[in-house]
Each structure stands twice: as structure tokens, then as C-alpha cells.
Amino acid sequence: MTRWCASTAVTTSNFGLAMAADAGGQCAAMPIKAEDLRCGSANGFQCPGLYNPQDIVDFSSLPQPKELPRVRKAAHLLDAAYVGKFEEAVRRMKALPHDDPRSFERQADIHEAYCANHYKVVPAGGGPETVFDVHHSSIFAPWHRMYLYFFEGILGDLIGDPTFGLPYWNWDTPEGMMMPSIFANESSPLYDAKRNPRRVRAVIDLNLSPGSKDGLPTCTDDHVCLIDNNLYTLYRQMIVETPKQFYGGKFYNVELDDEGKQNHKITGSLENGAHNSAHIWLGDPCQKNQDMGDLSTAARDPIFYSNHSNVDRMWHIYITKLGGGFLPYKEWLDTSFVFYDAQKRPVRITVSDVLDVGKLGYMFEESGKLPWIGKRPKPAANIQRHHGLKGTQTNSSYPMTLKKGEPQYLRLERLEKSRAGGGSSKKAPEALVVDVTIDPCKYVKFDVLVNVPKGQEKKVGPQNSEFAGSFTQVPHGGGLEMKTRMVSYQFALRELLEDLKCGKDNQLDITLVLVEGDKVLIDDARIEVL
Ligand code: C2O
């Protein structure tokens with residue numbers, strides 16, 4: 001019997017590469033043809049990219065850019081001339097006819113198609129069909145880099161300026177934490193009326209804390225506290241142990257792995273962190289008419305591209321300043337997609353083409369230091385530390401339902417080799433892995449706390465070591481029907497345990513707190529060595 005392997009490369013022409021097991025149980029790559037990709041026509045939506053396969057040109061065969069690099073600048077620091085250029089480029093893009101693949105509408109449709117479940121992989125050689133999505137896996141970072149690269153190239157071409165770079169929303173520095181004012185001018189093509197009106201003139205909350213009734217975070221009267229919390233939140237997102245934590249896991253073509261166990265896609269911290277918060281900040285997911293709050297509409301708001309320009313910059317910083325690496329496996333490096341370029345040519349580009357922004361011909365202009373780098377959270381002073389959940393009834397039967405106002409308390413075993421003074425001399429990096437099943441059309445956020453006594457959950461926040469982080473999901477409404485999505489997140493533990501001085505403990509007490517959303521099914525939680 002043919003078995004289908006769990007993880008696959010996604011190839012250009014088909015967005016999916018089925019891998020069939022040979023007789024020995026080994027996975028062999030088996031590419032599917034272009035015609036195996038079906039676009040779901042839910043609500044009459046038309047997927048972009050109706051090119052002829054024989055017209056595709058390979059990015060690597062195109063001449064390398066010779067002009068000066070495109071320079072991406074912080075959006076809140078642009079001078080009037082640059083704002084004028086940006087506006088003119090977007091104005092011209094919006095004026096292109098709908099059937100022009102460079103038009104603003106069709107560009108936004110690209111995101112909708114890939115991010116709101118409009119593509120399905122139907123392998124030619126048989127095997128399960130899969131709904132395709134560029135989120136919740138390591139495809140997130142390179143796919144959005146490619147998308148922005150072509151989008152930026154079209155903008156530059158429309159104003160005849162090959163040095164034009166997409167300004168970034170610099171939410172990782174205090175001066176950049178409000179929505180840049182260039183997006184607030186109602187007569188500008190950068191404006192979008194479909195935003196959360198309460199938040200367009202407020203400092204962003206990257207932790208999306210449960211707020212007072214107007215949706216603002218609890219520490220909002222004190223901007224210093226909010227800004228500080230944002231920097232701690234960024235620290236947790238950026239200072240991770242392994243590239244997999246940062247980028248996420250492989251793209252799974254099937255729901256079951258080789259052993260018949262259900263696969264959870266692993267979301268990376270780059271996607272899960274400030275990126276998701278910026279979406280939710282400007283688009284309240286409960287208000288169906290706010291673009292940024294749902295991935296099917298997000299790219300209709302011009303600020304989407306500046307949010308992603310900063311996400312792309314964070315990736316660049318991870319590599320160049322934090323010593324981060326790339327994922328080593330071929331399925332990732334060979335993953336490829338086709339985008340239209342400024343000359344309306346369909347161009348095939350692979351992940352290995354986009355690992356170095358210098359080779360792509362752009363750079364980020366930095367305005368100063370990275371204030372989050374030194375923001376390592378500290379143990380909370382106001383709780384009875386080290387007692388954890390002693391005496392509290394813990395839950396260990398999965399799946400368990402996490403509801404608002406009803407935290408789940410877990411006691412998890414650590415592996416011998418990762419404990420300080422344990423078997424091996426070198427401590428292995430550990431992570432708390434939480435597998436969940438969620439509704440893809442709903443917003444969800446839950447927080448994970450370590451060794452916090454029952455009833456004291458509200459006393460810890462991103463500034464504290466006990467706060468391991470949050471899992472978030474931006475809704476993906478729209479396309480092919482998908483009732484549930486299985487996702488996993490890895491919360492880094494090493495620094496946190498060092499700071500809490502519990503590196504020798506055999507067990508950890510974990511509290512899961514649902515902050516937003518109706519409910520989340522927790523399929524499993526465990527401590528793993530990365
Ligand atoms: Cu494809 Cu910010 O999302």
C-alpha cells in the first residue's frame with residue numbers, strides 16, 4: 001500500500017510535492033504537475049496567476065540588479081518627497097485596470113488566494129488533497145518576502161524609480177509604535193477607512209493584553225509601561241533557541257504522519273508575534289469590515305505591506321545581528337512560487353533565491369539601536385515564586401478545552417538531559433510544545449505561564465520571566481471549507497528557567513490562560529528538547 005509522507009516541498013508549478021513511500025518505507029519525492037493545483041472558487045473569487053506554464057521564467061536566470069539598491073526606510077521618518085513618491089506609486093497601482101496582474105486589487109488577491117485557503121493541492125499520482133496556506137509553517141517568511149519583493153518592484157517601476165523601497169512600520173522602536181501618520185491622511189491612496197478607529201492614533205499593544213472596555217490594554221494610562229511591555233514581547237519573539245522556533249515547521253501535505261498520528265503545523269515566532277498583533281491591532285476581528293483583522297482582506301490595506309516590510313526586516317536582523325540561521329532541509333530551500341514582475345512576466349522564485357536581501361538588491365535603512373535586544377524579562381517580584389501549583393488540582397487528560405475565565409493547570413515532566421546537573425554536561429535547549437485545534441475563521445490568543453501559583457495569573461505579564469509567551473491566530477476567512485486547523489507552538493524555556501532558578505526541577509507547573517476567543521482545544525502539551 002502506498003503511504004504518504006508527512007512533509008513535502010512545495011514546487012512552483014503545483015504548490016505541492018507529494019512524497020510516496022517506496023517499499024522500504026523511505027520517502028521519495030514525487031512532483032505533481034501544474035494542473036494538479038485547483039483554485040477554489042468560493043464566493044466567485046478568482047485566484048490570480050493564470051499564466052501559461054511555458055511562459056514562466058526562472059528568477060535565477062534573470063540579470064542581477066545593477067542599479068543602486070532599493071532602500072527601505074522607517075515609515076514614520078520619511079520626508080515629504082518620499083511620502084509623495086510612495087503615494088504616487090500606490091495611486092498609479094490602484095489606477096491600473098482590474099485585469100492587469102500589477103493592479104492593487106490583483107496584488108491584494110494574491111494574498112487572499114494563498115492565505116485564505118483558495119488553493120488546493122491535488123496530487124497527480126493520487127494521495128490526499130490538501131488545502132494550501134502560507135501561514136503556520138516555515139513558508140511564512142520566504143513567501144511574504146517574495147510577495148513584497150515583486151510588489152515593491154512594480155511600485156518602483158510605475159514611478160520610474162528603481163531605488164524605491166517599501167517603507168517599514170517600525171513598531172519595534174518606541175517612536176514607531178503608532179500607526180505611521182502617512183497612512184492616516186484620508187485623501188491619500190495609503191488610507192484605508194476599514195481600520196479600528198480607536199487604535200489608529202494609539203500606541204500599539206504588541207501583547208494584545210485583555211483590555212478595558214475600549215479595547216485598550218490595562219497599562220495604557222502609562223505609556224512607558226506599554227512601550228516597555230512591547231519591547232519585552234519583541235525580545236521573546238526574537239531571542240529563540242532554534243531556527244525552527246523562529247520560522248516554524250515544514251509544510252505538511254497530509255494530516256496524518258507516517259505513524260498515523262495527526263500532524264500539527266508549527267507556527268514560527270516571527271509570524272506569531274508582533275506580526276499577528278499588528279494585524280489584530282488595526283483590524284478588530286469581531287468587526288467583519290476591518291481589513292487587517294482577517295488574512296483574506298488584510299492586503300487591501302496599504303499598511304499591510306509596511307507591516308510586512310518590518311516583518312521582513314526582523315528576519316534580516318535575526319540573520320545579521322542575532323546570529324540566527326536558516327532551515328537546512330531541501331523541502332524548504334527548493335520551495336518555489338510564481339509571481340508576476342513589473343514587466344508582467346510570470347517569474348518562478350525559490351526560497352534559496354531570497355535568503356539574502358543584498359542579492360535581491362534591497363536594504364533597510366536603520367534609524368538607531370534595537371531597543372528590545374536588552375529586554376530580557378525578569379522574575380515577578382509580587383508573587384510567591386517557586387511554589388507554582390503546589391496543592392492545585394492539575395489536568396492531564398487530552399484533549400482539554402481552554403475557555404475564558406477557566407485557566408488550565410498542568411504539571412509537566414522535564415527530560416533528564418535538559419535539567420541542570422542532569423545526565424549530560426551541556427544543557428539542551430528546551431521548549432514547551434502546545435498542540436491545539438482551532439477554528440481558522442476565529443481570532444485566538446492564549447498566554448502560557450510557568451510556575452505561577454493559582455489565582456495570581458493577572459500579576460504576571462511580558463515583563464516577567466514567568467510569562468513564556470502567547471499563541472495567537474489571525475482569522476483566515478473565505479476560501480475552501482476548513483472547519484479546524486491543527487497548529488503547534490514552541491515556547492522557549494531555557495532562559496526563563498535560568499532566571500526563575502528552577503533549572504534543576506523535575507517538573508514545571510504550567511498555566512494556560514485564554515485571553516481572546518471562545519475556546520481552544522488543547523490536544524497535547526509537553527516539554528521537548530529542541
Ligand atoms: Cu500573510 Cu500578515 O499575513
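Small disclaimer: the values here were computed from a predicted structure and weren't measured.
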Note to self: Using every non-hydrogen atom in the two residues, find where Val460 and Ala380 come nearest and quote the distance to one decimal.
What the structure shows: CG1-CB, 3.7 Å

Item checked: Heavy-atom check, side chain of Leu508 versus side chain of Leu497, under 4.5 Å -> yes

Check: How far apart are the closest heavy atoms of Trp372 and Ile317, and which atoms are they?
Finding: CH2-CG2, 3.9 Å

Notebook entry, point to check: Is a side-chain N or O of Arg236 found less than 3.5 angstrom from the main chain of Phe467, in a donor-acceptor match?
Noted result: yes

Next item on the list: Please determine, by modelled atom types, if Glu495 and Tyr235 share a side-chain donor-acceptor pair under 3.5 angstrom.
Entry: yes

Notebook entry, point to check: Are a donor atom and an acceptor atom from the side chains of Lys454 and Thr392 found within less than 3.5 Å of each other?
Noted result: no

Notebook entry, point to check: Parallel, tilted or perpendicular: which describes the rings of Tyr149 and Tyr362, with under 30° parallel and over 60° perpendicular?
Noted result: tilted

Check: What distance do Thr394 atom OG1 and Asp509 atom CG have between them, rounded to the nearest 0.5 Å?
Finding: 7.5 Å

Margin query: Is it true that Trp171 and Asn307 share a donor-acceptor pair across their side chains at a distance under 3.5 Å?
Written below: yes

Notebook entry, point to check: Are Lys250 and Tyr329 in a cation-pi setup, meaning NZ or CZ lies under 6.0 angstrom from the ring centre and within 45 degrees of the ring axis?
Noted result: yes

Check: Taking side chain as C-beta onward, heavy atoms only, is Leu410 less than 4.5 Å from Met400?
Finding: yes

Check: Which distance, rounded to the nearest 0.5 Å, do you find between the OG of Ser336 and the CD1 of Ile349?
Finding: 10.0 Å

Item checked: Separation of Gln473 CD from Ile438 CD1 (nearest 0.5 Å) -> 3.5 Å

Check: Is Thr173 reaching over with its side chain to a backbone N or O of Asn170, donor-acceptor style, under 3.5 angstrom?
Finding: no

Note to self: Whether the Asn310 and Asp312 side chains hold a donor-acceptor pair (N or O, under 3.5 Å, no angle test) is what I'd like checked.
What the structure shows: no

Note to self: Lys519 vs Thr401, test: side-chain hydrogen bond (donor to acceptor under 3.5 Å, both in side chains). Steps then yes/no.
What the structure shows: CA-CA 7 Å; Lys519 60 173 194 290; Thr401 307; over 6 Å; no

Item checked: Ser470 side chain to Asp447 backbone, donor-acceptor under 3.5 Å -> no

Checklist line | Closest non-hydrogen atom pair between Leu282 and Arg199, with its separation | finding: CD2-O, 4.4 Å

Notebook entry, point to check: Where does the angle between the aromatic ring planes of Tyr489 and Phe491 fall among parallel (under 30°), tilted (30 to 60°) and perpendicular (over 60°)?
Noted result: perpendicular

Next item on the list: Might you point out which heavy atoms bring Asp172 and Pro371 nearest each other, and give the distance in Å?
Entry: O-CG, 3.5 Å

Next item on the list: Mark yes or no for whether Gln290, through its side chain, and Asp284, through its backbone, hold a donor-acceptor pair below 3.5 Å.
Entry: yes

Next item on the list: Indicate whether any N or O donor in one side chain lies under 3.5 Å from an N or O acceptor in the other, for Ser397 and Asn395.
Entry: yes

Margin query: Under a 3.5 Å distance rule, please check whether Trp169 uses its side chain to pair with a backbone N or O of Gly176 as donor and acceptor.
Written below: yes

Notebook entry, point to check: Under a 4.5 Å cut-off applied to non-hydrogen side-chain atoms, are Thr267 and Val487 in contact?
Noted result: yes

Check: Does His111 reach the main-chain N or O of Leu295 with its side chain, forming a donor-acceptor pair under 3.5 Å?
Finding: yes

Notebook entry, point to check: If you measure only the distance, is there a donor-acceptor pair under 3.5 Å linking the side chains of Thr472 and Asn272?
Noted result: yes

What pairs of donor and acceptor atoms, side-chain ones from residues 520-530 against any protein atom, are under 3.5 angstrom apart with sequence neighbours left out?
unit_1, atom_1, unit_2, atom_2, d
Asp523, OD1, Thr437, OG1, 3.4
Asp523, OD2, His264, NE2, 2.8
Asp523, OD2, Thr437, N, 3.4
Asp523, OD2, Thr437, OG1, 2.6
Asp524, OD2, Arg526, NH1, 2.7
Arg526, NE, Glu528, OE2, 2.8
Arg526, NH1, Asp435, OD2, 2.9
Arg526, NH2, Glu528, OE2, 3.3

Next item on the list: Could I get the full list of ring-ring contact (aromatic ring centres under 6.0 Å, His included) partners for His76, not counting sequence neighbours?
Entry: none

Checklist line | Ile303 side chain reached by Phe183 side chain, heavy atoms, under 4.5 Å | finding: yes

Notebook entry, point to check: Is there a donor-acceptor contact under 3.5 Å linking the side chains of Tyr247 and Trp315?
Noted result: yes

Margin query: If we count only N and O atoms by modelled type, under 3.5 Å, do the side chains of Asp294 and Thr297 hold a donor and an acceptor together?
Written below: no

Next item on the list: Verify the distance criterion only: is there a donor paired with an acceptor across the side chains of Tyr147 and Tyr114 at less than 3.5 Å?
Entry: no

Next item on the list: Mark yes or no for whether Asn230, through its side chain, and Ile204, through its backbone, hold a donor-acceptor pair below 3.5 Å.
Entry: yes

Notebook entry, point to check: Taking all non-hydrogen atoms of both residues, which atom of Ala468 and which atom of Val450 are closest, and how far apart?
Noted result: CB-CG2, 4.2 Å

Next item on the list: May I ask you to check whether over 12 heavy atoms, not counting those of Lys459, lie within 6.0 Å of atom NZ?
Entry: yes

Notebook entry, point to check: Would you say the side-chain atoms of Glu152 pair up with the backbone N or O of Arg70, donor to acceptor, closer than 3.5 Å?
Noted result: no

Next item on the list: Please answer whether the main-chain N or O of Lys265 pairs with a side-chain N or O of Ser137 as donor and acceptor at a distance below 3.5 Å.
Entry: no

Item checked: Verdict with reasoning, Lys73 to Glu366, per salt bridge (Lys or Arg N to Asp or Glu O under 4.0 Å) -> CA-CA 7 Å; Lys73 303 165 191 270; Glu366 290 294 336; over 6 Å; no

Check: Is a side-chain donor-acceptor pair under 3.5 Å present for Gln245 with Gln490?
Finding: no

Check: CD of Glu241 to OG of Ser269: how many Å apart, nearest 0.5 Å?
Finding: 11.5 Å

Next item on the list: Determine whether Ser309 and Leu148 make a side-chain contact, defined as any pair of heavy atoms from C-beta on separated by less than 4.5 Å.
Entry: yes

Check: Heavy atoms, side chains only, cut-off 4.5 Å: are Tyr318 and Val240 in contact?
Finding: yes

Check: With a 4.5 Å limit on heavy-atom distance, are the side chains of Leu370 and Met238 in contact?
Finding: no

Note to self: Counting C-beta onward and ignoring hydrogens, is there a side-chain heavy-atom pair between Tyr168 and Ser306 closer than 4.5 Å?
What the structure shows: no

Check: Looking only at side chains, do His275 and His308 share a donor and an acceptor under 3.5 Å apart?
Finding: yes

Notebook entry, point to check: Any donor-acceptor pair under 3.5 Å linking the side chain of Asn276 with the backbone of Gly273?
Noted result: no

